[in-house]
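As structure tokens, the structure follows; a few thoughts come after it.
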There are 2 protein chains.
Amino acid sequence: MRVSDKHQKITQAAIKVFARKGFFNARISDIAKEAKVADGTIYLYFNNKYDILISLFEEEIGKIILKTKLLLEKETHPVEMLMLFAKQHLNLLKEHRELVVVLQMELRQSNEFIQEYRNTKFVEYIDIVSEIIHKGQDEGVFRAEIMPGIIKRAYFGALDEMTRLWILSPQPHYTLDEAAVQICDVFLNGIVIK
Amino acid sequence: MRVSDKHQKITQAAIKVFARKGFFNARISDIAKEAKVADGTIYLYFNNKYDILISLFEEEIGKIILKTKLLLEKETHPVEMLMLFAKQHLNLLKEHRELVVVLQMELRQSNEFIQEYRNTKFVEYIDIVSEIIHKGQDEGVFRAEIMPGIIKRAYFGALDEMTRLWILSPQPHYTLDEAAVQICDVFLNGIVIK
DNA sequence: TGCTTATTAGTGAATAGCGATTCAGTTTAG
DNA sequence: CTAAACTGAATCGCTATTCACTAATAAGCA
């Protein structure tokens with residue numbers, strides 16, 4: 001078995017366990033069990049419990065950023081691009097529910113450690129939005145007076161709050177697609193030049 | 001010293017300590033020290049550590065809901081009401097920074113206990129927004145096709161994400177007022193009938 | 001190819017420290 | 001004098017981390 005296999009197995013197990021029990025309530029032995037390795041093995045691949053969380057965050061969000069950027073390359077119109085971003089973001093829930101739970105819950109903890117990491121990678125992700133807005137302004141599609149630095153966060157925040165709704169409530173009243181359409185509708189209506 | 005005084009003192013101390021260290025890293029003895037009571041005294045007023053978090057949440061968010069509703073009574077136009085809500089929400093940061101940190105960070109944990117409480121009171125808070133949207137639709141000010149249940153969350157999410165920015169970054173690039181104006185501008189533009 | 005030794009990977013029981021909670025005793029108030 | 005409020009040191013369970021040991025794999029050699 002290659003080294004990377006164990007690392008992967010532990011990371012994936014950690015996502016499952018953290019999603020289920022939360023970071024602080026998850027025991028190393030839970031993760032070890034889920035990954036089918038000994039407790040001690042985890043410390044061959046990670047420095048400590050935090051390190052597992054941090055490195056899973058870095059790796060997984062890196063993948064998401066890559067995937068999102070790749071997807072957006074196929075599109076050139078700013079309006080379509082923002083819609084695509086929204087759909088992609090909300091779709092993460094379908095394909096990586098457990099990861100999304102971890103990102104939603106656990107990475108909001110007031111641990112400087114985590115906050116630092118969250119900030120760096122996270123900014124890279126939401127900057128995808130501000131770049132689209134900039135592009136739209138340059139092309140005269142979006143109103144010049146809106147501030148990409150603020151609106152990127154508002155847009156992300158709106159989508160993120162919908163994500164939270166889906167995670168917390170067992171039976172949401174709306175479908176993901178409905179939500180995506182509504183949010184894009186309002187935002188785009190609010191920022192395009194008529 | 002009246003009973004309620006101790007309860008209050010402990011609650012306020014807990015807000016400070018939770019904001020500083022996070023729920024799991026906060027020790028009961030930290031809270032006791034901050035409140036200037038003995039460790040054991042805390043258990044005369046609360047069942048356990050979670051109970052402190054839950055009851056501070058209930059009490060404090062209750063106050064916020066009350067205050068917000070009171071404020072909104074003075075206004076009748078839906079557009080103005082939504083703007084007022086945004087300003088009030090972002091202003092919480094100035095007056096109750098530590099409480100906002102606790103709400104942002106700690107109440108997002110994957111603890112069923114907490115989630116349940118969060119959901120109940122929290123829904124009451126964001127429903128203020130959906131009621132305003134409804135009112136606006138009834139009066140023919142807002143577009144009929146937008147769904148209050150979705151847009152209330154989008155609006156709240158946008159504001160909440162700005163709050164997070166202020167909490168996490170020491171020197172934000174924008175002022176609270178700028179942000180409030182921008183977000184309201186885009187949203188209102190997106191939902192009013194022209 | 002088979003045998004021996006060295007290196008690396010993996011194991012899981014034991015450690016060690018933490019901190020929530022308790023409770024026997026003390027102080028305060030009526 | 002009694003009851004209620006308060007105290008804080010001791011308890012006790014919990015679990016992250018360690019480390020002495022074992023297994024697996026690679027390297028060296030005839």
Side-chain angles (χ1 to χ4, degrees), chain A residues 1-59 102 105-107 109-115 117, chain B residues 1-58 102 105-107 109-114 117:
Chain A
M1 183 174 281
R2 285 200 344 282
V3 165
S4 59
D5 286 339
K6 281 275 159 71
H7 187 95
Q8 259 304 298
K9 271 178 75 175
I10 295 168
T11 303
Q12 294 308 314
I15 292 173
K16 277 202 172 66
V17 176
F18 288 158
R20 195 157 54 231
K21 312 182 80 169
F23 177 77
F24 284 101
N25 291 320
R27 280 167 292 153
I28 289 291
S29 59
D30 292 334
I31 298 172
K33 203 187 216 177
E34 179 77 39
K36 288 177 187 140
V37 298
D39 294 17
T41 306
I42 290 178
Y43 290 88
L44 298 176
Y45 295 91
F46 301 91
N47 297 325
N48 51 47
K49 200 180 166 189
Y50 273 126
D51 192 36
I52 305 175
L53 186 59
I54 288 168
S55 69
L56 88 77
F57 175 61
E58 282 218 307
E59 286 163 30
V102 175
M105 305 278 156
E106 302 311 324
L107 287 166
Q109 263 145 45
S110 55
N111 182 294
E112 312 85 45
F113 229 156
I114 290 170
Q115 279 181 31
Y117 273 89
Chain B
M1 182 175 283
R2 282 200 346 282
V3 166
S4 60
D5 286 339
K6 281 273 161 71
H7 186 95
Q8 258 305 299
K9 270 178 74 175
I10 295 168
T11 303
Q12 294 308 314
I15 292 174
K16 277 203 171 64
V17 176
F18 288 157
R20 195 156 55 231
K21 313 182 80 171
F23 177 77
F24 284 101
N25 292 318
R27 279 167 293 154
I28 289 291
S29 60
D30 292 333
I31 299 172
K33 201 187 217 176
E34 179 76 40
K36 288 175 187 143
V37 299
D39 295 15
T41 306
I42 290 179
Y43 290 87
L44 298 175
Y45 295 91
F46 300 90
N47 297 324
N48 52 46
K49 200 178 166 190
Y50 273 126
D51 192 37
I52 304 175
L53 186 58
I54 288 168
S55 71
L56 88 76
F57 176 60
E58 283 218 308
V102 175
M105 305 278 156
E106 302 311 324
L107 286 166
Q109 263 146 44
S110 55
N111 182 294
E112 312 86 46
F113 228 157
I114 290 169
Y117 274 89

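Every value quoted in this text rests on a predicted model; they were computed, and no experiment measured them. Note that these values count all heavy atoms, side chains included, but never hydrogens, waters or copies made by symmetry. Naming convention: chains lettered A, B, ... in sequence-line order (proteins, then strands); numbering from 1 in each chain.
Applying the 4.0 Å criterion to OP1 and OP2 of dA9(C), one finds that K6(A) has every side-chain N and O outside that range.
A distance-only check finds a donor-acceptor pair linking the side chain of K49(B) to the backbone of A26(B) [under 3.5 Å]. Side chain of T41(B) to backbone of V37(B): no donor-acceptor contact under 3.5 angstrom is found.
Residues F24(A) and F23(B) place their aromatic rings such that the two centres sit no closer than 6.0 Å.
Counting only heavy atoms from C-beta outward, the side chains of R20(A) and E34(A) approach each other to under 4.5 Å. Counting heavy atoms from C-beta on, the side chains of N47(A) and I52(A) never come closer than 4.5 Å.
Distance L44(B) CG to dT27(C) P: 17 Å, rounded to the nearest Å. Remark: C1' of dA9(C) and CD1 of I42(A) are 15 Å apart, rounded to the nearest angstrom. Y45(B) has its OH atom 14 Å from the P atom of dA4(D), to the nearest Å. Atoms CD1 (I52(B)) and C1' (dT21(C)) sit 12 Å apart, rounded to a whole Å. In this structure, NE2 of H7(B) is placed 15 Å from P of dA5(D), rounded to the nearest angstrom. Protein atom CG of D5(B) is 14 Å distant from nucleotide atom C1' of dA5(D), rounded to whole Å. Separating the NZ atom of K33(B) from the C1' atom of dG8(D) is a distance of 14 Å, rounded to the nearest angstrom.
Side-chain contact annotation: Q12(B) with H7(B), donor-acceptor N/O pair under 3.5 Å absent.
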Are any protein N/O atoms closer than 3.5 Å to N/O atoms in nucleotides 15-18 of chain D? If there are, list each pair with its distance.
{"unit_1": "dA16(D)", "atom_1": "OP1", "unit_2": "A26(A)", "atom_2": "O", "d": "3.4"}
{"unit_1": "dA16(D)", "atom_1": "OP1", "unit_2": "K49(A)", "atom_2": "NZ", "d": "3.4"}
{"unit_1": "dA16(D)", "atom_1": "OP2", "unit_2": "I28(A)", "atom_2": "N", "d": "2.4"}
{"unit_1": "dT17(D)", "atom_1": "OP2", "unit_2": "Y43(A)", "atom_2": "OH", "d": "2.8"}
{"unit_1": "dT17(D)", "atom_1": "OP2", "unit_2": "K49(A)", "atom_2": "N", "d": "3.0"}

